[in-house]
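One-based numbering along the sequence shown. Note that ligands are numbered from 1 as they come in the structure, with each ligand's atoms numbered from 1 the same way.
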Amino acid sequence: MTSSRSAWHISLIYMVVATLWILFSDKVLLWMGVEVITQQRLQTIKGLVFVVVTGALLFYSTRHHLRGRQQQEQALRHSEERFDLALLGSNDGVWDWDMVSGELYFSDRCKLILGHPPEFNMNQQDTWLKHLHPEDRLSLQAELRRHIRGETERLDHVHRIRRRDGFYAWVQARGQAVRNAQGRAIRMVGIVCDVTQQKLDNERLQQAAVVFDSTNEGVVVSDSRNRITNVNNAFCRITGYTHDEVVGQKPGLLKSGWHDELFYREMWETLAHTGSWQGEIWNRRKDGEIYPQWQAINTVKDSSGKLTHYVAVFSDISVLKQSRQEIDFLAHHDPLTRLPNRLLLTERLTNALVRAKRREHRLGLIFIDLDRFKTVNDSLGHTAGDELLRQAAKRMSRLCREEDTLARLGGDEFVMLVENLAETDDITPIAQRLQRGFARPFDINGQLIHLSASLGMSIFPEDGQEGGELLTNADAAVTQAKQNGRNTYAFYTQALTNNARLQMSLQADLHRAIKLHQLQVFYQPQIDMHSGRVIALEALVRWQHPQRGLIPPAEFLPVAQHVGLLIPIDEYVLQQACLQMRQWLDAGYPLTCVAVNMSGSTLERGDVVSNVKKALAGANLPAAHLELELTESEIMQQDDRCIDTLDALRGMGVRLSIDDFGTGYSSLLRLKRLPVDTLKIDRGFINDLPGSANDSAISRAIIALGQSLQMSIVAEGIETQAQHDLLREMKCDVGQGYLYSKPQDVTTITAYLLDHFSAELK
Ligand SMILES: Nc1nc2c(ncn2[C@@H]2O[C@H](COP(=O)(O)O[C@H]3[C@@H](O)[C@H](n4cnc5c(=O)[nH]c(N)nc54)O[C@@H]3COP(=O)(O)O)[C@@H](O)[C@H]2O)c(=O)[nH]1
């Protein structure tokens with residue numbers, strides 16, 4: 001019932017009662033039959049009673065009404081207060097949109113969200129839309145339309161709104177339409193709250209979640225009772241446990257048993273005192289493998305300072321540890337053979353010397369140099385060379401006593417440190433054993449390679465007091481062993497030191513030798529074995545030393561190579577030989593060419609073609625009168641670029657010859673591709689002719705090979721008539737050797753030529 005209907009009912013009842021009272025009260029007085037005066041008095045009293053009763057009724061109804069209203073107002077006030085407080089507490093702003101009049105109300109909080117003061121007037125219909133982020137406008141409008149059409153129960157939309165300072169705030173607007181009887185939305189009321197911080201927090205949380213799951217470090221979160229509440233993917237990957245297997249468990253399930261109780265007690269004490277702990281800890285994976293991890297644990301406390309969680313972040317450092325060990329190993333070992341390197345040998349030698357001095361023992365160093373390793377390496381390729389070194393190292397290690405050290409210094413050089421020698425001679429059986437170790441060939445990819453070693457020995461205290469001195473002296477001894485014919489051993493002697501000193505002084509003198517024109521070119525004739533005529537000469541360098549006399553090339557060319565003077569020496573000999581050949585041709589000697597040695601270093605240099613051209617032009621000598629000799633081992637170790645250089649030289653008309661053929665593991669395929677005119681059989685195969693059946697067979701094979709490749713064959717080192725006869729019978733084309741002439745200076749050889757061609761020149 002409405003309030004006006006209730007009021008109307010009450011008034012109607014009153015009117016009925018009052019009318020009945022007025023109509024029937026007087027009749028009751030008349031019916032009582034009382035006197036007129038009494039009647040009048042009673043009527044007055046009746047009127048007064050009516051006034052009092054109706055007055056009282058009016059009083060009670062008014063009071064009741066006012067009290068009710070008061071209570072309602074109070075309830076309303078309380079409710080409003082509660083609402084205001086709730087809004088204030090929630091920090092939400094209120095908006096109210098009268099959709100009929102278009103009037104819009106924004107509470108002060110709404111204005112504050114946008115950075116406006118309360119007095120700011122933003123009650124226009126499009127104020128909010130105007131400040132909306134352009135990207136959010138369409139979606140808010142669509143959402144509003146849907147709600148107005150009644151498709152959604154309430155409006156709920158998060159969008160960005162531009163604040164007074166130009167920045168955008170994220171807000172969440174919620175509201176509901178008030179509809180008329182026809183269901184048409186006529187008003188909409190709602191709240192708006194600033195969710196910028198919440199949005200940022202969410203974003204941060206999302207990022208943290210991504211980091212948590214994608215980081216390489218394992219993360220374990222456990223509660224205050226140290227029960228695991230969460231682990232990340234990396235944890236599962238490192239430990240092998242799944243998330244469900246560990247949640248609810250204690251991290252102790254990963255314990256390896258490698259740390260004692262004290263370790264864990266100290267860890268927990270540090271955590272309790274400082275709130276964090278970090279260190280290396282060994283744990284056990286699910287599969288039982290024990291591994292090291294670097295772990296940092298931090299405690300998490302709530303706002304009241306109460307510990308709520310532990311967060312442990314760890315990384316598996318097993319690989320790092322292995323690499324450190326490997327780095328440490330490589331710093332002291334040779335990566336190819338995994339033997340100790342020079343550094344470790346030096347350390348061990350120093351310590352061994354201290355022990356030897358204290359115990360008055362001897363110790364020895366055996367310097368091991370593999371014979372002709374470079375040639376094998378160059379001809380078989382570096383991979384096979386590496387394998388050969390590995391196998392040689394393994395074989396020598398097996399012959400090494402446990403207390404001794406076998407080290408690789410680099411290349412094909414090894415050193416064995418032998419401790420506890422009573423006598424100098426005690427080292428000899430060890431050296432012999434090492435040498436016997438090389439008796440069997442090495443199997444390199446199915447190919448049997450014969451290798452020998454030259455050994456040089458120095459003994460403490462006889463040959464030196466310090467490690468460096470002993471090593472140098474063992475090195476000098478190995479050089480001596482090589483000079484003695486390889487595959488042998490030599491002890492260090494003072495003479496070797498003198499020789500080393502000599503080499504040093506040669507180096508110094510050689511620099512001056514070129515400038516002071518101390519280098520001389522000697523010539524050795526090459527003979528046509530069928531006619532016996534001199535057809536060519538080989539140019540061979542000598543050093544006319546002011547104090548030491550004539551030094552042969554075998555003595556100073558290695559020194560020149562060592563100090564980078566071999567190329568200028570080759571160039572000098574080339575120029576001199578071309579000039580000299582021109583003179584002989586001009587003098588009428590019917591010579592085909594002059595042969596000049598060219599070292600591998602010269603060939604490797606890019607300008608060899610232009611230098612040869614220069615030398616020929618300088619002497620005005622046709623290229624066909626020049627033959628360049630390259631040793632087999634040097635030519636075989638060159639890459640294909642050198643074939644281009646040789647092709648270019650050959651294209652110019654220069655003849656090319658392979659020197660020392662038979663010593664350098666030539667590949668027949670490569671030999672076929674080389675633009676070579678001549679093969680020179682190495683002196684080593686000629687020396688023992690005609691007695692050696694082997695050398696005889698080899699020489700015959702080389703001659704046959706040369707002939708089949710249309711190459712001319714020169715045999716060098718012919719010293720006897722028997723050698724000459726045999727080679728001639730084998731159909732060797734050209735001979736060179738002391739039998740015909742030793743290498744001679746220009747004057748002597750010119751006289752020789754004059755004599756030789758005297759008949760023809762007449
Ligand atoms: N890069 C350069 N190398 C050069 C140059 N000059 C010489 N050499 C090389 O030095 C090596 C030694 O040469 P050498 O001492 O001159 O010896 C040559 C001859 O004297 C020697 N020979 C000749 N016939 C005989 C003989 O019958 N018996 C015997 N015991 N020795 C003999 O052989 C050497 C010539 O050898 P090859 O060159 O292989 O034909 C030597 O390897 C030279 O190549 C130079 O200017 N640059």
Side-chain angles (χ1 to χ4, degrees), residues 375 483 485 510 513-514 518-527 529 534 536-544 549-562 564-581 593-605 608 611-612 615 626-635 655-664 678-689 702 712-724 727 732 734-746 748-749 752:
T375 312
Q483 281 167 9
L510 196 55
I514 300 174
Q518 292 172 356
L519 296 182
Q520 283 186 18
V521 184
F522 276 41
Y523 295 91
Q524 186 176 31
Q526 294 181 341
I527 313 294
M529 297 205 69
V534 174
L537 292 118
E538 181 180 1
L540 295 157
V541 71
R542 305 284 183 266
W543 179 8
Q544 187 61 58
L550 203 64
I551 304 181
E555 255 178 58
F556 69 87
L557 288 184
V559 181
Q561 164 98 41
H562 190 63
L565 287 173
L566 193 53
I567 295 171
I569 291 177
D570 277 356
E571 283 173 8
Y572 174 76
V573 176
L574 175 69
Q575 282 165 14
Q576 296 300 309
C578 289
L579 289 168
Q580 187 55 54
M581 184 63 181
C593 63
V594 63
V596 177
N597 289 284
M598 186 165 70
S599 64
S601 334
T602 304
L603 181 65
E604 274 164 27
R605 272 252 308 240
V608 60
N611 281 340
V612 170
L626 174 67
E627 182 167 78
L628 292 174
E629 287 188 11
L630 281 133
T631 63
E632 184 187 18
S633 55
E634 276 178 336
I635 215 166
R655 293 174 60 81
L656 297 171
S657 162
I658 300 185
D659 203 358
D660 302 340
F661 190 78
T663 57
T678 309
L679 290 185
K680 282 185 89 173
I681 309 174
D682 186 63
R683 205 166 62 231
F685 301 114
I686 310 296
N687 281 344
D688 296 336
L689 293 183
I702 295 175
S712 154
I713 309 293
V714 178
E716 61 180 1
I718 300 175
E719 294 184 356
T720 64
Q721 190 58 43
Q723 287 168 343
H724 171 92
L727 286 160
C732 177
V734 180
Q736 179 181 346
Y738 292 173
L739 176 67
Y740 317 109
S741 164
K742 285 195 169 181
Q744 306 285 0
D745 61 36
V746 176
T748 316
I749 206 73
Y752 170 91

If we number the atoms of ligand 1 from 1 as shown, the ones under 4.0 Å from a heavy atom of G737 are 24 (N), 27 (O)

Closest to atom 5 (C) of ligand 1 (heavy atoms only, candidates V541, I567, V596) is V541

heavy-atom search around atom 24 (N) of ligand 1 in the protein gives Q524 NE2, 3.0 Å

> Does atom 17 (O) of ligand 1 have any protein heavy atom closer than 4.0 Å?
Replying inline: no

CG (N597) and CG (L566) are apart, to the nearest 0.5 Å, by 10.0 Å

closest protein heavy atom to atom 9 (C) of ligand 1 is L557 CD1, 4.1 Å

request  = For Q524 and Q736, test the side chains for any donor-to-acceptor distance below 3.5 angstrom and give the result as yes or no.
outcome  = yes

Can you check whether V746 reaches Y523 side chain to side chain, under 4.5 Å on heavy atoms?
yes

Exercise. Measuring to protein heavy atoms, does anything land under 4.0 Å from atom 38 (O) of ligand 1?
Worked result: yes

Min over Y738, F661, Y740 of heavy-atom distance to atom 32 (C) of ligand 1 lands on Y738

Check your understanding: Mind checking whether H724 and T720 have side chains closer than 4.5 Å, heavy atoms only?
Key -> no

Nearest heavy-atom contact between E719 and Q723 is N-OE1, 2.7 Å

Note: heavy atom closest to atom 21 (C) of ligand 1, options R542, R683, E538, Q526, belongs to R683

So for D659 against ligand 1, with non-hydrogen atoms under 4.0 Å, the contacting part is side chain

**Study point:** Donor-acceptor pair between S599 and D570 side chains, under 3.5 angstrom
**Key:** yes

**Prompt:** Are L537 and I749 side-chain neighbours, meaning at least one heavy-atom pair lies under 4.5 Å?
**Reply:** yes

min-distance protein heavy atom vs atom 36 (O) of ligand 1 -> E716 OE1, 3.5 Å

Rounded to the nearest 0.5 angstrom, the CD-CD1 distance for E632 and I658 is 6.5 Å

Per-atom filter on ligand 1: closer than 4.0 angstrom to a heavy atom of D570 are 1 (N), 2 (C), 47 (N)

Do the non-hydrogen side-chain atoms of L679 and F661 ever get within less than 4.5 Å of each other? yes

Logged contact type for V573 with ligand 1, heavy-atom cut-off 4.0 Å, is side chain

Do protein heavy atoms approach atom 41 (C) of ligand 1 to less than 4.0 Å?
no

For D660, the ligand 1 atoms with a heavy-atom partner under 4.0 Å come out as 39 (O)

Here the gap from N611 atom CG to T602 atom OG1, rounded to the nearest 0.5 Å, amounts to 9.0 Å

For a 4.5 angstrom cut-off between non-hydrogen side-chain atoms, does I718 reach I686?
yes

_Flag side-chain contact, heavy atom, 4.5 Å: L626 against R655_ = no

shortest atom 20 (O) of ligand 1-to-protein heavy-atom contact is with P743 CG, 3.3 Å

Taking only non-hydrogen atoms of E719 and a 4.0 Å limit, the atoms of ligand 1 in range are 26 (C), 27 (O), 28 (N), 29 (C), 30 (N)

Check: Is the closest heavy-atom distance from K742 to ligand 1 below 4.0 Å?
Finding: no

Under 4.0 Å from one or more heavy atoms of K680, ligand 1 contributes atoms 40 (O)

for atom 44 (O) of ligand 1, nearest protein heavy atom and its distance come out as N597 OD1, 3.2 Å

If you compare A595, G717, P553 by their heavy atoms, the one closest to atom 14 (P) of ligand 1 turns out to be P553

- Item | Pair K680 + E538: basic N to acidic O under 4.0 Å | yes

min-distance protein heavy atom vs atom 7 (C) of ligand 1 -> L540 CD2, 3.5 Å

